[in-house]
Every structure is written in C-alpha cells, then in structure tokens.
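Below is one structure, written out as structure tokens, with a few remarks after it.
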Amino acid sequence: MFDPSKYRTFRFTERSLSADGVVRLGYALDDEHEFVEELEVPVPEGADLARVEPILDLLHWVAGVSYYKTAAPPEVAFEGAVPGPAAADFLEALYSEGLGEFAVVNHLPALPRPKFPREGLVREAPARSLSRVLVPIGGGKDSIVALEIVRRSGLDFTLFSVRDNPAMQRTAAVAGVEHVVAQRRLPLELLGELNRSGALNGHVPITAIVSCVALLTAALNGYDAVTLANERSASSGNVVYDGIEVNHQFSKSARAEALLRGAVAETGAPVDIFSLLRPASELGIARTFAGMPAYHGAFTSCNAIFRLDPALRASSWCGNCPKCRFVFLILAPYMEPSALEAIFHKPMLDLEDQYEGFALLTATGGHKPFECVGEEEESAAAILLLADDERWKDHTVVARLVREVLPTRHPDVAAVLRLSDAHNVPDELIEHVHALLGA
Ligand SMILES: CC(=O)N[C@H]1[C@@H](OP(=O)(O)OP(=O)(O)OC[C@H]2O[C@@H](n3ccc(=O)[nH]c3=O)[C@H](O)[C@@H]2O)O[C@H](CO)[C@@H](O)[C@@H]1O[C@H](C)C(=O)N[C@@H](C)C(=O)N[C@@H](CCC(=O)O)C(=O)O
Ligand SMILES: Nc1ncnc2c1ncn2[C@@H]1O[C@H](COP(=O)(O)OP(=O)(O)OP(=O)(O)O)[C@@H](O)[C@H]1O
C-alpha cells in the first residue's frame, strides 16, 4: 500500500536536454519512488543549449507538480540549481493554490504549502524586442481568436502545441500557418500503479506546464514571445477552502501570469510571455469567435480531447460536460440554433436533462464546476441575452433558466463585455486586441 502521509521530501533530481530536443525531467519521493518525464521539443541545428538552461530548470520545477501530488509531502529538495526569489514565489503558489482543487477533492485538511529555496541566480532581464512570436493553440476558440489577433498585427508567428490532436490540426489547417508540436510522455503506468495502491491524484495546474514547454521551445528557436489566450474570466475561482479561493484554472489566472513573468525575467532569457485575451471575458471572446465561421468546423473546446490514454480520448465534443455546456451557452446569443447544432450534434439548450448542468454554471444548485468555465456572471449574462432572443427563448432549457435562475441574478451584460485595462499585452498588439474584441 502507498501511504501518502509517510513521505517527507519531494526531490528534484536531474534534468537534461539533448541536441535533438529530448528533455528528461527526473524526480523522487524520498528514496523510494523515482519519476521520469520525457518531452521532445523542436530544436534547430546547432542551437545553443547552454543558453536555455535557466528555462529548462523552470520547466523542471513546474512539471514536478504531477509527481509531487502523489503524496504532497511537506518538503522539497534540489539536487541541481535552486530557484531564485521570483521563481520561488511562483512555485510556492503553484504547489499550493495550483493544487487547491486537488486538496478539496482529496479532503486534505489544508492546501499543501512546501517552502522553496530562493537563493538561485538572478540574471539580468534582457532588452526585449517583438518581431517573432509563438502562439500556443489548444484546439479551442480562445487560441483561435489569439492567433487572429497576432495575424492582424503583422508579426511573424508560428503555432505551437504540446501533443497534437485533431482539433489542433484542423485549426492550423484553417489558419494556414506553420504548426510545431512538442511531445510529452508522462510515466503513466507508474502513476496509475501508485494511484491504485493509494497515491493521491487530482487536478494539476496544466497551463503552467504547457507555458514552460512553449517558453523552452521559443528560447531554443529564437522567438521573442509566447502569446497565450488566457481570458480575464480565468481569474475567478470556484470555492473557498483553507482561506483560499480555489480556482480550477489557477495557472490561467492573472495572478499566475504575473508570477510566471517574474520567474521568466529572472532567467535572463530574451523571451516574454503574456496573455493576449486577458482584457476579455469568455462571453466577449465567444462574440468575436462567432464571427469566424471558417473555424467553426475545426475547433473543439471539450477537455475530453486532451485525455492521455487514446482509448479514453474523444476526438471532438462529448456534448455532456460543463465545458460543452458553457461554450454552447456563450455562443448561443451570437449564433443560429442550427449552426450550433451542426457543431455539437445536439440541441443542448433544448434537452431537459441538461438543465441542472446549465444552471450550475451560474452556481445555482451548487458551486461553479471545477472545469474551464467562465464567471457565473457571464453565464447569467448569456441567459439574459437569450431571454429576449426569438431564436432561442422557447428552447426548453432557456425558458426554464429564465424562469428559475434569472430572477435571482442581475447580470450587467455591458460590463461583462467591456475590455479591461489590466493586462500585460505590449503596445504592438493591444490595438489589435481592441480591434477584434471591442464592441
Ligand atoms: C483531459 C482532462 O481533463 N484530464 C483531467 C482528468 O484526468 P484523466 O485521468 O481523466 O485523464 P488524463 O488527463 O489523461 O490524465 C491521466 C493521468 O495523468 C495525470 N496527469 C495528467 C497530466 C499532467 O500534466 N499531469 C498528470 O499527473 C492525471 O492526474 C491522471 O491521473 O482529471 C485529472 C484529475 O482531476 C486532471 O488533472 C486532468 O486534467 C489534465 C491535467 C488536463 O490536461 N486538463 C486540462 C484540459 C484543463 O483542465 N485545463 C484547464 C486549465 C487549468 C489550469 O490551471 O491550467 C483549462 O483549460 O481551463
Ligand atoms: N496542449 C496544448 N498545447 C499548446 N497550448 C495549449 C495546450 N492546451 C492549452 N493550451 C493553451 O493554453 C491556454 C489556455 O487554454 P484554453 O483551453 O483555455 O484555450 P483554448 O483551447 O484555445 O480555448 P477553449 O477555452 O475554447 O478551450 C491557451 O493559450 C491555449 O492555447
């Protein structure tokens, strides 16, 4: 049996990057269990591997969260480089708040709170320019809107994914832009075996891992920045636990972005990272995306497409999860019922058995689901828009949401759609964010 409470220390053992782009990340739980994760990142001939070592370290520390979570021990130890102060701040947030949902579902008495050393080298932040950018795409609508913003700016850009799936491939084909892919191999057999014998399991702050793989790829291949598509709504949490607002999307939040940017600056790498969609809500992004029909047959926002086991992975919308419901709901005010049915293959807002799931998006009947769904206010705003929409108002679920949910909600649609000034988008791009996402 695996008894999580008996472990004291999670160790960062070794990491390496070979000239052909193979990354090995090593970890151990006390002296008992060793974990090795492998990645393959695109790397040009003759790349200066030594120059990217600090970003490789950051990736090593961040990706460790998948293995730390098996026991969530009180201490961490380092056999190689140690984090500097900004990286330590980021990691302490990631290994506690980033594991908030994990703590809730495992009924831990408190969030894990390992202390990270902070004596690592702080390199001088380089002068940055912005001419070539790497645009991560996850197969969903947000990264499509982000790539179209970058396209309009005239910057040179390449699409990037960690692992490939059909939605990403379709997106890249419609965009007609080069798409590079990094592969990622977790020791799934070992994790599964440990989980079956009692190891802890739960959600990890995956966007932080994807961001660091993108940063490493960018640094190796001479890109100036990684442009994420994390929206303003991703900063809102789900429940309060142990004095913290636990957020399923923690590593997409504005707070995580600020901490990551600090950690990246400390590496001295000439690569920036920021979220292009930070000023916008999901409802605002959906309004823009509705006007991009070329992508409607390509994208999939359902998370079932990300399952690592091919036997469990969906190729498109599952049509019965919080993410499918949320995306259907926020697109509905801006699309025809027939167009949405063509995407989801079912009239989700006309199916009575979907009512509870839709109501939950406004935290009616429980808390907002632990999924990548927007703020309760914006789901309520979408319902308010549908209430007066001849195309939608008589759909069974819409009519019931209007009757049973709206009387207790007072969404301000204009406020939900307004762009915020709180973002890290540079001058070269912000006017294009406003042009595409502004009213
Ligand atoms: C696809 C999915 O939603 N997976 C979540 C699910 O895991 P499941 O067991 O159903 O499938 P797998 O993802 O294939 O995982 C297999 C095992 O591997 C572990 N694992 C996976 C990836 C990783 O980086 N580290 C790992 O240790 C995993 O724990 C399984 O044991 O349930 C899990 C437990 O709640 C979730 O952690 C899985 O979530 C994935 C990491 C994932 O990719 N999720 C994204 C779709 C997601 O949630 N994105 C959020 C961003 C959240 C953030 O803060 O970054 C979003 O889009 O908003
Ligand atoms: N496997 C991946 N490879 C590259 N980038 C990814 C991957 N998964 C997520 N991302 C990126 O992480 C950020 C957050 O992902 P998110 O799922 O919100 O975006 P999305 O897939 O574009 O849109 P949607 O909300 O419709 O699913 C985006 O910038 C997205 O491109």
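Whatever order the structure lists ligands and atoms in, that order sets their numbers, starting from 1.
- Note: Tyr67 and His33 fail the aromatic proximity criterion, with ring centroids not under 6.0 Å apart.
- Using modelled atom types, no side-chain atom of Arg15 and backbone atom of Leu25 make a donor-acceptor pair closer than 3.5 Å.
- Remark: minimum distance from atom 30 (C) of ligand 2 to any protein heavy atom is reached at Gly138 N, 3.9 Å.
- Shortest contact from atom 4 (C) of ligand 2 to any protein heavy atom: Ile137 O, 3.4 Å.
- The single protein non-hydrogen atom nearest to atom 12 (O) of ligand 2 is Thr207 CG2, 4.1 Å, given as residue, atom name and distance.
- Residue Ser251 comes nearest to Ala256 through the heavy atom pair CA-CB, 3.8 Å, listed as atom of the first residue, atom of the second, then distance.
- Within the 4.0 Å heavy-atom shell around ligand 2 one finds Lys141.
- Phe12 has its ring centre less than 6.0 Å from the ring centre of His60.
- When heavy-atom distances to ligand 2 are checked against a 4.0 Å cut-off, Ile206 has no atom that comes that close, whether in backbone or side chain.
- Counting heavy atoms closer than 4.0 Å to ligand 2, residue Asp142 contributes atoms from both its backbone and its side chain.
- Using a distance-only test at 3.5 Å, with no hydrogens or angles considered, a donor-acceptor pair links the side chain of Arg170 to the main chain of Ala298.
- Protein heavy atom nearest atom 22 (O) of ligand 2, with residue, atom name and distance: Ser143 OG, 2.5 Å.
- A perpendicular orientation is assigned to the rings of Phe10 and Tyr68, their planes being inclined by more than 60° (bins at 30° and 60°).
- No donor-acceptor pair closer than 3.5 Å links the side chain of Gln183 to the backbone N or O of Arg163.
- Distances between N or O atoms of Lys323 and those of ligand 2 include at least one value under 3.5 Å.
- Of all the atoms in ligand 2, the ones that sit under 4.0 Å from a non-hydrogen atom of Ser161 are 3 (N), 4 (C).
- Every atom of ligand 2 with a heavy atom of Ala229 under 4.0 Å away is listed here by number and element: 28 (C), 29 (O).
- Against a heavy-atom cut-off of under 4.0 Å, Phe160 is close to the following atoms of ligand 2: 4 (C).
- Side chains of Glu375 and Ser236: a donor on one and an acceptor on the other come within 3.5 Å.
- Atom 26 (O) of ligand 2 has its closest protein heavy atom at Ser301 OG, 2.5 Å.
- Judged by distance alone, with hydrogens and angles left aside, the side-chain atoms of Asp224 form no donor-acceptor pair with the main-chain N or O of Arg128 at under 3.5 Å.
- Counting heavy atoms closer than 4.0 Å to ligand 2, residue Lys252 contributes side-chain atoms (C-beta onward) but none from N, CA, C or O.
- Every heavy atom of Gln249 sits 4.0 Å or more from the atoms of ligand 2.
- The only option from Lys323, Lys141, Arg232 that meets the salt bridge (Lys or Arg N to Asp or Glu O under 4.0 Å) definition with Glu282 turns out to be Lys141.
- For the salt bridge (Lys or Arg N to Asp or Glu O under 4.0 Å) with Arg184, the qualifying choice from Glu40, Glu37, Glu38 is Glu37, the only one to do so.
- Of the options Gly140, Ala214, Pro136, the smallest heavy-atom separation from atom 21 (O) of ligand 2 is shown by Gly140.
- Taking the six-membered ring where the residue is Trp, Phe358 and Phe328 present perpendicular rings, their angle passing 60° and hence far from 30°.
- Looking at Ser281, its side chain does come within 3.5 Å of a backbone N or O of Gly284 through a donor-acceptor pair.
- Counting heavy atoms only, Val162 comes closest to atom 3 (N) of ligand 2 of the residues Ile209, Leu134, Val162.
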Are there any N/O pairs under 3.5 Å between ligand 1 and the protein, and if so, what are their distances?
unit_1   : atom_1 : unit_2 : atom_2 : d
ligand 1 : 10 (O) : Arg307 : NE     : 2.9
ligand 1 : 14 (O) : Leu308 : N      : 2.6
ligand 1 : 24 (O) : Arg184 : NH1    : 2.9
ligand 1 : 24 (O) : Arg184 : NH2    : 2.9
ligand 1 : 25 (N) : Ser66  : OG     : 2.7
ligand 1 : 27 (O) : Ser66  : OG     : 3.4
ligand 1 : 27 (O) : Lys69  : NZ     : 2.8
ligand 1 : 29 (O) : Asn201 : OD1    : 2.8
ligand 1 : 31 (O) : Asn201 : OD1    : 3.3
ligand 1 : 31 (O) : Asn201 : ND2    : 2.8
ligand 1 : 35 (O) : His203 : N      : 3.3
ligand 1 : 37 (O) : His203 : ND1    : 3.3
ligand 1 : 48 (O) : His248 : NE2    : 3.2
ligand 1 : 54 (O) : His248 : O      : 3.3
ligand 1 : 54 (O) : Phe250 : N      : 3.4
ligand 1 : 54 (O) : Ser251 : N      : 3.0
ligand 1 : 54 (O) : Ser251 : OG     : 3.0
ligand 1 : 55 (O) : Ile206 : N      : 3.3
ligand 1 : 55 (O) : Thr207 : N      : 2.7
ligand 1 : 55 (O) : Thr207 : OG1    : 2.6
ligand 1 : 55 (O) : Ser251 : OG     : 2.6
ligand 1 : 58 (O) : Gln249 : OE1    : 3.0
ligand 1 : 58 (O) : Lys252 : NZ     : 3.3

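- For atom 6 (C) of ligand 2, the closest non-hydrogen atom of the protein is Val210 CG1, 3.6 Å.
- Aromatic rings of Phe299 and Trp317 (six-membered ring for Trp) have centroids within the 6.0 Å cut-off, being under it.
- The atoms of ligand 2 that sit less than 4.0 Å from any heavy atom of Leu228 are 29 (O).
- The closest donor-acceptor contact from the side chain of His203 to the backbone of His248 lies under 3.5 Å.
- The distance from ligand 2 to the heavy atoms of Met168 drops below 4.0 Å at these ligand atoms: 1 (N), 2 (C).
- In the vicinity of Asn230, heavy-atom distances shorter than 4.0 Å reach the ligand 2 atoms 13 (C), 14 (C).
- The closest donor-acceptor contact from the side chain of Thr13 to the backbone of Gly26 lies under 3.5 Å.
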